[in-house]
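Report on one structure; see the data block that follows.
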Amino acid sequence: LRSAVLEVLEQCASGNVCARPLGVVLHRLRSERANLSRMTLELDSPIAAPGGRRRTVQIGVNIRDVTVTVSVTPAVVGPGGESCKTQVDAPESVKLLVQSNMATLLVQGLQMEAETLGSVTHLRTTLVGAGDEGALEMRLRVWRPGADPDDDD
């Protein structure tokens, strides 16, 4: 289980589409005595923290025996908050969670950039399917500055 999850995280950390712009770094820690493996993906968020400081998002994966827990701090997908913690049962579920969070963070950065330039935006995120077969569908609409989003022209 540990090697399969590590392989998934290495794939996510080395991908070109999301990993490069987010500056992903993978950290690993293993404690034989505690029977615990902890892996963390550290991402540079394109959304600055208050005061313009760099904001880091950490996706932590803990494996104890056959239990895999994924936590995202601060939360990216779902209700805003300090962190989001999910227990999963397969490496594919870890991959879906990690990729969904990375993609959402990247699209939120694009949305913020467009709004900084004065454009009007709307981001809609939908979970399509269920379980390991599920996918996150995101649609970012951007209108030129001063345009009316209700005008379809």
Side-chain angles (χ1 to χ4, degrees), residues 1-50 53-116 119-143 149:
L1 180 64
R2 181 191 179 284
S3 60
V5 170
L6 181 57
E7 183 179 333
V8 161
L9 293 178
E10 286 174 340
Q11 289 172 359
C12 292
S14 62
N16 290 330
V17 175
C18 289
R20 270 196 189 152
L22 296 175
V24 177
V25 177
L26 175 62
H27 302 283
R28 293 170 236 164
L29 172 72
R30 184 173 184 153
S31 170
E32 296 294 337
R33 215 175 46 189
N35 195 19
L36 173 72
S37 291
R38 178 175 291 141
M39 294 157 264
T40 304
L41 285 173
E42 207 170 75
L43 303 96
D44 291 330
S45 173
I47 302 167
R53 297 184 326 269
R54 185 179 138 228
R55 180 176 162 220
T56 301
V57 173
Q58 291 188 338
I59 301 176
V61 179
N62 291 333
I63 304 171
R64 184 180 301 271
D65 298 322
V66 294
T67 304
V68 181
T69 307
V70 179
S71 62
V72 182
T73 307
V76 174
V77 176
E82 289 300 309
S83 97
C84 175
K85 195 172 193 176
T86 308
Q87 192 167 327
V88 297
D89 56 3
E92 295 78 24
S93 300
V94 172
K95 186 175 186 176
L96 179 63
L97 270 170
V98 170
Q99 288 179 334
S100 296
N101 278 278
M102 289 174 67
T104 300
L105 195 58
L106 191 60
V107 172
Q108 286 173 346
L110 293 171
Q111 179 182 22
M112 185 190 76
E113 184 70 21
E115 289 173 355
T116 301
S119 296
V120 177
T121 67
H122 174 73
L123 174 61
R124 188 177 83 203
T125 305
T126 309
L127 184 60
V128 180
D132 294 341
E133 300 299 317
L136 191 65
E137 177 181 284
M138 289 177 272
R139 181 175 297 184
L140 175 62
R141 296 186 68 191
V142 180
W143 294 269

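Remember, it's a predicted structure, so these values are computed and weren't measured experimentally. Atoms considered below: every heavy atom in the structure, side chains included; atoms not considered: hydrogens, waters and symmetry mates.
Taking the salt bridge (charged side-chain N to carboxylate O under 4.0 Å, His left out) definition, one finds that R28 meets it with E10, sequence neighbours left out. Residues passing the side chain to side chain donor-acceptor pair (under 3.5 Å) test with R55, sequence neighbours excluded: none. R38 pairs by the salt bridge (charged side-chain N to carboxylate O under 4.0 Å, His left out) definition with nothing, not counting sequence neighbours.
With rounding to the nearest 0.5 Å, the separation of CD in Q111 from OG1 in T116 is 10.5 Å. To the nearest 0.5 Å, atoms CG (L106) and CG (N101) are separated by 12.5 Å. Between L123 atom CG and R141 atom CZ the span is 12.0 Å, to the nearest 0.5 Å. Summarising the geometry, atom OG belonging to S71 is positioned 6.5 Å from atom CG belonging to N62; distances are rounded to the nearest 0.5 Å. A distance of 11.0 Å separates CZ in R2 from CG in N35, rounded to the nearest 0.5 Å. Put simply, CG on L1 and CG on D65 are 10.5 Å apart, with the number rounded to the nearest 0.5 Å.
Summarising the geometry of G109 relative to P46, their closest heavy-atom pair is CA-CG, 3.6 Å, with the distance given to 0.1 Å. Heavy atoms only, all atoms of each residue included: W143 and S119 are closest at O-CB, 3.1 Å. The shortest heavy-atom contact between A19 and A13 is CB-O, 3.3 Å. Heavy-atom minimum distance, I59 versus V70: CG2-CG1, 4.0 Å. In terms of heavy atoms, S93 sits closest to D89 at OG-OD1, 3.6 Å. Shortest non-hydrogen contact noted between V68 and V61 is CG1-CG1, 3.9 Å.
Side-chain atoms of M112 and T121, non-hydrogen and from C-beta on, never get closer than 4.5 Å to each other. In this structure, V8 and V98 have side chains that are not in contact, with every pair of non-hydrogen atoms separated by 4.5 Å or more. With a 4.5 Å cut-off on side-chain heavy atoms, L26 and L6 count as touching. At a threshold of 4.5 Å between non-hydrogen side-chain atoms, the residues M102 and C12 count as touching. In this structure, E137 and R124 have side chains that are in contact, with non-hydrogen atoms separated by less than 4.5 Å.
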Evaluate the side chain to side chain contact (heavy atoms under 4.5 Å, CB included) criterion for residues V57 and L22: first the C-alpha distance (whole Å), next the side-chain angles of each, then the deciding distance (0.1 Å), finally the verdict. CA-CA 10 Å; V57 173; L22 296 175; over 6 Å; no
